[in-house]
Asker: 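Below is the structure I would like to discuss, written out as structure tokens.
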Number of protein chains: 2
Amino acid sequence: MAQRTYQSLRAAILDLTYLPGQAMRKSEICETLGVSRSPVSEAIARLATEGLVRVVPQAGTFVSLFSMVEIREGAFLREAIESSAAEYLASRITDEQLALLRRNLKLQEIMVAEADHGGFYGLDREFHALILASTGFRKLQSVAETAWVHVDRARKQVVPVRGRVGETLVEHWAIHDALSSRDPVASRAAMGHHLRQLLAYIEPLEKERPELFDPD
Amino acid sequence: MAQRTYQSLRAAILDLTYLPGQAMRKSEICETLGVSRSPVSEAIARLATEGLVRVVPQAGTFVSLFSMVEIREGAFLREAIESSAAEYLASRITDEQLALLRRNLKLQEIMVAEADHGGFYGLDREFHALILASTGFRKLQSVAETAWVHVDRARKQVVPVRGRVGETLVEHWAIHDALSSRDPVASRAAMGHHLRQLLAYIEPLEKERPELFDPD
DNA sequence: TGGAAGAGAGTGGCATGCTAGAATGTTAGG
DNA sequence: CCTAACATTCTAGCATGCCACTCTCTTCCA
């Protein structure tokens, strides 16, 4: 049940139900979720290790502000992980795994045609998860997701405004093509290029919404 | 003070004071460290997220067995992170940072000459920490360390037997040289080559001490 | 004698009282 | 009117009681 409160709080932070900088009152959370302080404390401890909240002893826990340093760091980490995964996978990926990728990409094309951005976003996540899962390493996805969490929180502030599903789809196909031709160098390059795109969309946010950011 | 018990337990697991598979009794830990169950629970929760212990609800907490899959995954992750860091750093590293690396390497040479393996190991860690810190990303080191922890636990079973400080020193210098010549490709290659060496020393352990391993 | 069922001990997880310290609002003094 | 010190109120963190569940050892029956 601590797991449940953890996921609940995490989701609330990511979709800005809890605003950056806002205090998270344990007593409030307890009565809202109908649980005791123990599971809430454990959940907050996990959120603190992820950097989503900042705990000040004997004072309070606060939702972390956006930090351009942490966002860049998260982007760097995910690029390091997924680019290496693509390179590693190029010489090992099976035809079945490639077929799963193609199936996912076909669905992405439908979502683009129907302008279903929510559906596209889900398939985007699944596409990257498929690639990481194909390596056979089980925890890679959770590490990448943890690294990515700060980028993702900022992305939600930007992407509804400036979508780029068309370009994203092309880049996804490029990754698939590099993998299917079993070219490690091209696979790393395609994945790296793809992941570097988003950061350019996020950078301006610091100037547009400075109140959300931690003055590093 | 939960932090203190966490570090204490973590160290005990890493140097095999707690053997793989052994049960960790909370009550025992409480009276040993003289603390209550709350900080112990929090520490164990953190260890569980790192994969160092396995918690079976209402049954017990057990030190994780070695797992060749997790060891390979940790090695993959660290290579992904540090190789990318080396590539990233090649075009950004300052002369001061290079000087710090050189100073560290000079000390490593002394340790090799004096056959002080413990001292060399400490400098080895510092060398890699220096490189990660030079990127300006603050959490990189803790992520790499968390990823590496399973490899490190296995390493301690091997390296006292089969040291390779001489070869390691040569590889460290190669990394430094690639960085100082500001060559991203060579830097990534040198770091990747260096990190891939250790795994070859660990692989045989699975056959030598199968009782320590989780039959994946 | 073997196997299964039951009783007991032990475990992790949740709930809750308590304490030390930080922040804020108020009051007293300059 | 401003400043500084104090008191009140809040917080996180630790200690501890309680409970539901698991495991093991013993006992009883086939």
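In what follows, chains carry the letters A, B, and so on, assigned in the order in which the sequence lines appear, proteins first and then strands, with residues in each chain numbered from 1. The model shown is predicted, which means the values in this text are computed figures rather than measured ones.
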Asker: Might you confirm whether atom CZ of A/R54 has over 12 heavy atoms from other residues, nucleotides or ligands at distances under 6.0 Å?
Answerer: no
Asker: Is any side-chain heavy atom of A/E145 closer than 4.5 Å to a side-chain heavy atom of A/R125?
Answerer: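 When only atoms from C-beta onward are counted, A/R125 and A/E145 do touch, with a gap below 4.5 Å.
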Asker: Rounded to whole Å, please give me the gap between CZ in B/R25 and C1' in C/dG10.
Answerer: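 Nearest whole value for this atom pair: 9 Å.
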Asker: For B/R37 and B/S41, test the side chains for any donor-to-acceptor distance below 3.5 angstrom and give the result as yes or no.
Answerer: no
Asker: Can you check the B/K26 NZ to C/dA9 P distance for me, whole Å?
Answerer: 22 Å
Asker: Once you apply a heavy-atom cut-off of 4.0 Å, does A/A23 come out as touching a base, just sugar-phosphate, or nothing?
Answerer: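 If one applies the 4.0 Å heavy-atom cut-off, A/A23 turns out to touch nothing in the nucleic acid.
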Asker: What is the separation between atom CG on B/L47 and atom P on C/dG12, rounded to the nearest whole Å?
Answerer: 13 Å
Asker: Can you tell me how far C1' of C/dG12 sits from CZ of B/R46, to the nearest Å?
Answerer: 20 Å
Asker: Considering every strand and a 4.0 Å limit on heavy-atom distances, what is the contact class for A/S41: base, sugar-phosphate, or nothing?
Answerer: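 If one applies the 4.0 Å heavy-atom cut-off, A/S41 turns out to touch nothing in the nucleic acid.
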Asker: Do we see a donor-acceptor contact under 3.5 Å between the side chains of A/R188 and A/Y88?
Answerer: no
Asker: Take atom CE of B/M1 and atom P of C/dG21, then tell me their distance rounded to the nearest Å.
Answerer: 10 Å
Asker: Looking at every strand, decide which applies to B/R37 at a 4.0 Å heavy-atom threshold: base, sugar-phosphate, or nothing.
Answerer: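 It contacts base atoms.
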Asker: Check the distance between C/dG10's C1' and B/F62's CZ and give it to me in whole angstrom.
Answerer: 11 Å
Asker: Can you find a donor-acceptor pair, distance only, under 3.5 Å between A/Q58 side chain and C/dG21 base?
Answerer: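 It does not, because no donor-acceptor pair links the side chain of A/Q58 to the base of C/dG21 below 3.5 Å.
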Asker: Closest-nucleotide mapping onto DNA chain C: is B/V56 or A/P39 further toward the 5' terminus? I mean the 5' end.
Answerer: B/V56
Asker: The side chain of B/V55 is closest to which nucleotide in this list: C/dT11, D/dA15, C/dG12?
Answerer: C/dG12
Asker: Among the candidates D/dT22, C/dT11, D/dA15, find the nucleotide nearest to the side-chain atoms of B/V35.
Answerer: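 Among the listed nucleotides, the one closest to the side chain of B/V35 is D/dA15.
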Asker: Got a salt bridge between B/E70 and A/R138, using NZ or NE/NH1/NH2 to carboxylate O under 4.0 Å?
Answerer: no
Asker: Mind calculating the distance between CD (A/E42) and P (C/dG12) to the nearest angstrom?
Answerer: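 My rounded result for the distance is 13 Å.
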Asker: Just how far, in rounded Å, is P of C/dG13 from CD of A/Q3?
Answerer: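 Rounding to the nearest Å, CD of A/Q3 and P of C/dG13 are 12 Å apart.
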Asker: Which comes earlier along DNA chain D counting from the 5' end, the contact point of B/S36 or that of A/T61, where each point is its nearest nucleotide?
Answerer: A/T61
